[in-house]
Amino acid sequence: LNLLRGLGSVLSTKHSYLKSMTPFAYKALLRTSNEIPEEVDVSLGRRRSRGSKGINCTLEDRVLKALVAMEGKGLIGGAQVAVMQHGLCTCDVAFGRESPYTRHPVTSKTLFNVFSVTKGVVAALVHLYVQRGKLAYGDTIGQHWPQFCDAGTGLDSKQRAAKAAITVRMVLRHQSGLHDAGSAAMKEAPFALASWDDMLRAMEKSAASGGGPDEESRYHYLSFGWLLGGLLEKIDGRPFAEMVRDEIARPLGLVDQLVIGVDPACVERCFTDSGGGLAVITSSLDKAQLRAQRPAAAEGGVTGAESSAGANQPAGGALESDMLMLMSPTLFNHPKFRTGVIPSANGHCSARGLATFFGSILCGPGDDESRIGFTAKTAKIMRDGEDAFAVEDTAKFGYGFQRFDMGDTASAFGHAGVGGSLAFCDPASGTSVAITLNKLSLHCEPTKLLLDEICDELPELRTFSGYS
């Protein structure tokens, strides 16, 4: 370390000491391991038994071949791909290593941080409470969360009035004007991002941009989860993470495969001999590459932490720094960010868990409700809004979910995450797809290549588009 510092000083150059030293630190840890075999072959990946009911062996072979090719090019580290059709798993592939510095292989139960795919879980819980009559899309946030817009916020009367007009519908459609809420608090103290209470207070103290709600959708890249999660907590009384576990994960048998806020014991085991079943985030990008995206924003182009998802995003400024933060493995590998509750950015899931969850939103043929209790009407609202005119056909977002094109219709819906994770379902074919990755990339090329293989093999999805 001192040698690096000396060289940097002599050469008058800046260098990330942490980036250089981390691999050596992990290798030193590996040398202390006596229980892990010297070599673990991950080149062929892991998949469901060919005798398993419903498995599409041709699809799994194509997915594995694509993963092997991408690993050879250095595009991926660890990955999972899962496809469900009418409740049956037709593809379940786990590939690579949980970390580039250990020999722990990815399994079908390895948890990956899926970033904004978590927003789909948050939105689903909101829709579930609306369906139960505990909430309405037209309700204002302040109806259930008085501190959101009262005098204690420190805002002036005009700002409070603007916030008092914000409805559940507006937040679901990214139209509340609070897309940047909390960014100031995060810049002052980055670890505040991992504090649920601190970020709820930041939501209360933030003024809506432009003076109030906006008809134009502006992607709520982090505030989405705190606004809706805080709202649900006020209505239900239970901690938000507990609600996700009890209302979604447990009924689907996914308590260990879909979590927001990882068990600290799992994080501690991450780099031990036994492994923690937790994928370590890496990135193929550096800050210079990310900053190179800023000119596109200045010219009015779409950019930001999840531009690949097609969301309208604010240009430059605060978003650039948040984009750098979201793509930082150093930050999101930190135990505080693993164990904290960040509903827009730190859901930890397996691809099988995500595919099961999104598949559970859909009603089977002749069923009145889905596995998790959603009616077909509610599933349609998630994608299209409350009536035929609620969401334009060209809109990228329905009510909390991204819409993906299926030929002439916007049938599929789900959510993408920064760096390449993706999950969606298609009501017309009863299909759900999930992809998880631990090596983040700006343009998500591995995800596109995997989608090409899946959609080419499955006739039901050959018209899928919208992820670009």
Side-chain angles (χ1 to χ4, degrees), residues 114 116-150 153 163-176 178-179 181-182 193-206 213 220-252 254-255 258-261 340-349 357-358 360-361 370 372-375 378-379 381-382 385-386 397-401 415:
V114 295
S116 277
V117 178
T118 322
K119 290 184 176 74
V121 178
V122 178
L125 202 52
V126 171
H127 289 288
L128 195 60
Y129 273 62
V130 171
Q131 183 178 286
R132 291 174 178 172
K134 296 183 178 181
L135 183 65
Y137 299 115
D139 285 358
T140 63
I141 304 297
Q143 278 179 245
H144 306 279
W145 184 355
Q147 300 88 343
F148 181 72
C149 53
D150 66 14
T153 61
K163 285 186 73 177
I166 295 173
T167 64
V168 175
R169 181 187 297 111
M170 291 172 182
V171 180
L172 286 170
R173 294 197 61 191
H174 297 266
Q175 294 176 331
S176 75
L178 290 169
H179 49 276
L193 177 65
S195 170
W196 176 256
D197 291 337
D198 286 352
M199 295 318 299
L200 290 195
R201 284 193 291 271
M203 296 303 104
E204 294 169 355
K205 294 179 180 180
S206 295
H220 292 37
Y221 48 99
L222 287 172
S223 58
F224 184 91
W226 293 310
L227 291 169
L228 293 177
L231 170 68
L232 289 170
E233 203 170 82
K234 298 295 182 183
I235 293 170
D236 186 273
R238 286 175 292 172
F240 177 73
E242 187 177 313
M243 295 167 65
V244 171
R245 183 193 66 205
D246 293 345
E247 302 294 341
I248 293 178
R250 179 167 286 130
L252 296 173
L254 300 175
V255 170
L258 192 158
V259 298
I260 301 179
V341 178
I342 313 172
S344 283
N346 86 330
H348 284 73
C349 312
F357 162 64
F358 275 93
S360 75
I361 293 174
S370 71
I372 205 171
F374 288 112
T375 63
T378 298
I381 289 173
M382 292 180 186
E386 296 156 272
F397 279 92
Y399 272 28
F401 293 87
H415 220 291

Inset, instruction - Search all heavy atoms of Ser116 against all heavy atoms of Tyr221 and return the closest pair with its distance. - result: OG-O, 4.1 Å
Inset, instruction - To the nearest 0.5 Å, tell me how far Lys119 NZ sits from Leu228 CG. - result: 10.5 Å
Legend entry - Student check: side-chain heavy atoms of Ile141 and Leu227 closer than 4.5 Å: no
Inset, instruction - Would you check if Cys349 and Val117 make a side-chain contact, meaning some heavy-atom pair closer than 4.5 Å? - result: no
Legend entry - Student check: side-chain heavy atoms of Leu258 and Leu252 closer than 4.5 Å: no
Inset, instruction - Using modelled atom types only, decide if a donor and an acceptor are shared between the side chain of Lys134 and the backbone of Leu232 within a distance under 3.5 Å. - result: no
Inset, instruction - Classify the angle between the aromatic ring planes of His174 and Phe224 as parallel (below 30°), tilted (30 to 60°) or perpendicular (above 60°). - result: parallel
Inset, instruction - Any chance you could measure Phe240, atom CZ, to Ile260, atom CD1, to the nearest 0.5 Å? - result: 4.5 Å
Inset, instruction - State, to 0.1 Å, how close Met170 and Pro213 come at their nearest heavy-atom pair, and which atoms those are. - result: SD-CB, 3.6 Å
Inset, instruction - Kindly compute the distance separating CE (Met203) from CD (Gln147), expressed to the nearest 0.5 Å. - result: 14.5 Å
Inset, instruction - List the atom of Thr375, the atom of Gln131, and the distance in Å for their closest heavy-atom pair. - result: N-OE1, 3.1 Å
Inset, instruction - Mind listing the closest non-hydrogen atom pair of Gly182 and Ser206 along with its distance? - result: N-OG, 3.4 Å
Inset, instruction - Supply the atom-to-atom distance Thr118 OG1 to Asn346 CG, rounded to the nearest 0.5 angstrom. - result: 6.5 Å
Inset, instruction - With side-chain contact (heavy atoms from CB on, under 4.5 Å) as the test, would you mind laying out the steps for Trp226 and Arg201 before giving the verdict? - result: CA-CA 10 Å; Trp226 293 310; Arg201 284 193 291 271; over 6 Å; no
Legend entry - Nearest heavy-atom neighbours spanning Leu200 and Gly230: CD2-CA, 3.9 Å
Legend entry - Short side-chain to backbone donor-acceptor contact, Ser344 and Leu222, under 3.5 Å: yes
Inset, instruction - For Thr167 and Tyr137, run side-chain contact (heavy atoms from CB on, under 4.5 Å): C-alpha distance rounded to whole Å, both residues' side-chain angles, the deciding distance at 0.1 Å, then the answer. - result: CA-CA 7 Å; Thr167 64; Tyr137 299 115; over 6 Å; no
Inset, instruction - Heavy atoms only: give me the nearest Gly225-Trp196 pair and the separation to one decimal. - result: O-CH2, 4.4 Å
Legend entry - Donor-acceptor contact below 3.5 Å, side chain Ser223 vs main chain Ala181: no
Inset, instruction - Decide yes or no for Tyr399 and Arg169: does some side-chain heavy atom of the first lie under 4.5 Å from some side-chain heavy atom of the second? - result: yes
Legend entry - Ile381 side chain reached by Val130 side chain, heavy atoms, under 4.5 Å: no
Legend entry - Heavy-atom donor-acceptor pair, Gln143 side chain to Thr140 backbone, under 3.5 Å: yes
Inset, instruction - Quick one: pull up OG1 in Thr378 and CD1 in Ile372 and give me the separation to the nearest 0.5 Å. - result: 12.0 Å
Legend entry - Sequence-distant partners of Arg250, salt bridge (charged side-chain N to carboxylate O under 4.0 Å, His left out), two or more places apart: Asp246
Legend entry - Distance, nearest 0.5 Å, that separates CD1 of Ile361 from NE2 of His127: 8.5 Å
Legend entry - Steps toward side-chain contact (heavy atoms from CB on, under 4.5 Å) verdict (Phe148, Lys234): CA-CA 11 Å; Phe148 181 72; Lys234 298 295 182 183; over 6 Å; no
Legend entry - Step-by-step side-chain contact (heavy atoms from CB on, under 4.5 Å) determination, Leu172 to Phe397: CA-CA 9 Å; Leu172 286 170; Phe397 279 92; over 6 Å; no
